[in-house]
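Here is the structure we will look at, set down as structure tokens.
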Amino acid sequence: MSEHQQTETNESTVDQTSEKLVELAKRRGYFFQSSGSYGSVGGFYTFGPQGAALKGNVEDAWRDRFALAEGNMEIDAPTIMPEPVFEASGHLEGFDDMLIECPECGTSSRADHLVEDNTMYEDAESLEIPEVEEVIAEYELVCPDCGAGLAGVAVEDFNLMFATNIGPGDSQPGYLRPETAQGIFVEFPRLKEYARNQLPFGVTQIGRAYRNEISPRRSIIRTREFTQAELEYFIDPEEDEPDLSAVEDVEVTLYPATEQNDEDGDEIETTIGEAVDNDVIASPWVAYFLGVAKPWYEAVGVDMDRFRFRQHLSGERAHYASDCWDAESEIDGNWIEMAGFAYRGDYDLSKHSEHSGDRFTVFKQYDEPKTVERATVDPDMSYLGPEFGGDAGAVVEELEALAARDRAAFEGETVEFELEGETHEIPVEKTGFAVEEQTESGEHIIPHVVEPSFGVDRLVYTVLHHAYQEDEVDGEERTYLELEPEVAPTFVGVFPLQSDDALETQAGEIVDDLREAGLSVTYDDSGNIGRRYRRQDEVGTPFCVTIDYETVEADETTVTVRERDTTDQKRIPVDELAETLSAIREGDLEFEEL
RNA sequence: GCGCGGAUGGUCUAGUGGUAGGACCUGAGCCUUCCAAGCUCAUGGCCCGGGUUCAAAUCCCGGUCCGCGCACCA
């Protein structure tokens, strides 16, 4: 967390909210640390019954908006992939740093760089860690920051990927994916077929990713296993434009890099359309997805007063991203990253293309076929074969390359070319050299990628934190979660007013009806009615239905429906109950309208 | 990974070198005609491993985990 992400807030009150939320989450089944019976390990959390349902609802909402509503394809790739995938993606090298921390001042340095800069060793990265430690001791290397001696200080290997072996033995190393994105990129050659080779198209994936964090912190904000919802949107950089008209009026709070670098800088309130016109957001594609994301975040329950988009500073951006914005929410006075929107260019597909040898391109047809002159060769193999033996194939490749780059070489009686450092000369007539007119109907291009990448766990945490409320009802303190009906894990509680066979029987029938209507229902007949309301308030259940004597005795049977936030009650006929509640769940009806 | 602080039923907590008490929760029952009411009973705990000691939940060491700061976050 860097300094510009901090804001001044009253810590004593905000800390209480977080502590209370974590306590509530444990007690009410939202989330808790895993494997507690075995002492737990850091950074692993289990979502309990409520948490799993909430997370599932958030994922469904994401799927509706970013896959279905956008016409994108969803896939589900493995979490373990073989080593070459991560060689290509750059994760293997990027993760494998040797770090040494100064015991005096705490500064971390690249141990291999330290050795290379101060000794005769030129490729320290190839040394094993004990060797590097020996060299540091031998040369009495010191901390570059404060000058303290580093001899005897342990060198740490920082690879944030979890390694494993695929199959028996260690001949096939693999890694748990550190981001879901690679599972999409590696399958691009097939995915583009499913898109009928038409750009633009998008592929989404919701799944787990794994990073062996040095220091997991702050409950589910930073864990070692977490859920991402990612969209990789593939575009033709020269032709494809987003439909900004759909999002241009969306109001956003932006915190551009220029404002962050300015001492007096501040967040700016604007619209997506204006931000693009004024070049605040460089990529219209990134702007488009910011415009889609903002109302979506609001719909699942993020408090828009504690939400912003922050541009990455130039030093903060990954090497492949030309522009990157984060969606951030404020928790305890700190801004936490909930999503990143990056323009990744052709970095990923190019890398996989190079490393795999497969084609990570899309054929782009020209409007009009082009006619081009092209120099070609069609060598006489009955001559080259006897002449060059096993090298004949290489000769053909060399002649093809030569024809493409220097057709003048073929203008004489003979042509000269080099093969493995030796110059050869053969008659041009044996090469089948010709300049022909060819028709090209298109070209293979590497699409660019726009990547909205969401952290589901951090979003769930934010939704819970922003939903946490305390108030008073009839002089009694109350805690409740103001969760949106769309994502609330339990939608309705059903209670008989008191212990009574008639009430309980009727309540049971209503539970069945509501479940049949597809609602998440909980039944509770314990203790008095007030306690049951409070219990549901605390898990964030938006509505409670109570069956009383009017329900079982009156001619027209009705129940009371109580709304969580206001505790207001209305009487609803039993036979309209399922329909009414379903309409509220779908957002087609408000409780106030009843 | 380093530094500081911490770890007692499901949750929150009191406590002492002689194996623990409360509150809430939960369950059973009574009572109860709409917001954590009352009464009775019940379930359930000293993070793990070593050491010191007649005796360790308590003291010491190590580990695990949590919080905060530093570092890290491709």
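Below, read A as the first sequence line, B as the second, and so on, with proteins coming before strands; counting in each chain starts at 1.
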Watson-Crick or G-U wobble mate for [N], both contacts under 3.5 Å:
N	result
rG67(B)	rC4(B)
rC72(B)	none
rU16(B)	none
rG38(B)	rC30(B)
rU53(B)	none
rU58(B)	none
rG10(B)	rC24(B)

Lys/Arg-Asp/Glu bridge criterion (N-O < 4.0 Å) met for Arg562(A), Asp537(A): yes

Distance criterion of 3.5 Å, no angle test: do you see the side chain of [X] paired donor-to-acceptor with the base of [N]?
X	N	value
Ser215(A)	rC72(B)	no
Arg28(A)	rG10(B)	no
Asp548(A)	rC34(B)	yes
Arg478(A)	rC35(B)	no
Tyr533(A)	rC34(B)	yes
Gln569(A)	rC34(B)	yes

[X] [atom1] to [N] [atom2]: how many Å, rounded?
X	N	atom1	atom2	value
Glu538(A)	rC12(B)	CD	C1'	12 Å
Leu21(A)	rU11(B)	CG	P	15 Å
Glu23(A)	rG9(B)	CD	P	13 Å
Phe495(A)	rA36(B)	CZ	P	13 Å
Phe32(A)	rU11(B)	CZ	C1'	14 Å
Arg532(A)	rC25(B)	CZ	P	14 Å
Tyr38(A)	rG49(B)	OH	P	13 Å
Ile221(A)	rC68(B)	CD1	P	10 Å

Hey, does the side chain of [X] reach the backbone of [Y] with a donor-acceptor pair shorter than 3.5 angstrom?
X	Y	answer
Ser283(A)	Val286(A)	yes
Arg564(A)	Leu481(A)	yes
Arg458(A)	Ile220(A)	no

Which nucleotide wins on minimum distance to the side chain of [X], given the candidates [options]?
X	options	answer
Arg531(A)	rU32(B), rC35(B), rA36(B)	rA36(B)
Arg217(A)	rC35(B), rC68(B), rA36(B)	rC68(B)
Arg218(A)	rC34(B), rC73(B), rC68(B)	rC68(B)
Asn528(A)	rA37(B), rU33(B), rG27(B)	rA37(B)
Thr546(A)	rC34(B), rA36(B), rC68(B)	rC34(B)
Arg27(A)	rA37(B), rU11(B), rC35(B)	rU11(B)
Gln498(A)	rC35(B), rU32(B), rC72(B)	rU32(B)
Ser40(A)	rG27(B), rC65(B), rU11(B)	rC65(B)
Arg222(A)	rC72(B), rU33(B), rA36(B)	rC72(B)
Gln33(A)	rU32(B), rC34(B), rC65(B)	rC65(B)

Straight-line distance of Leu594(A) CG to Glu592(A) CD, nearest 0.5 Å: 8.5 Å

Please give the distance between the [atom1] atoms of [N] and [M] as a whole number of Å.
N	M	atom1	value
rC30(B)	rC59(B)	P	47 Å
rU58(B)	rG49(B)	P	12 Å
rG6(B)	rG44(B)	C1'	24 Å
rA23(B)	rA42(B)	P	14 Å
rG45(B)	rU13(B)	C1'	12 Å
rA55(B)	rU16(B)	C1'	14 Å
rG15(B)	rU8(B)	P	13 Å
rC39(B)	rC60(B)	C1'	49 Å

Centroid separation Phe188(A) to His352(A) less than 6.0 Å: no

Proximity of Phe309(A) and Phe307(A) rings by center, below 6.0 Å: yes

cation_pi(Arg310(A), Trp335(A)) dist<6.0 Å, angle<=45: no

Any Lys20(A) side-chain N or O less than 4.0 Å from OP1/OP2 of rC12(B): no

Residue met sooner reading RNA chain B from 5', once Arg458(A) and Thr567(A) are mapped to nucleotides: Thr567(A)

Residue whose nearest RNA chain B nucleotide is more 5′ - Val41(A) or Arg562(A): Arg562(A)

Sugar-phosphate, base or nothing in reach of Gly43(A), heavy atoms under 4.0 Å: sugar-phosphate

Sugar-phosphate only, base, or nothing, as touched by Ser499(A) at under 4.0 Å among non-hydrogen atoms: base

Verdict with supporting geometry, Phe162(A) and Tyr175(A), side-chain contact (heavy atoms from CB on, under 4.5 Å): CA-CA 6 Å; Phe162(A) 284 101; Tyr175(A) 297 89; over 6 Å; no

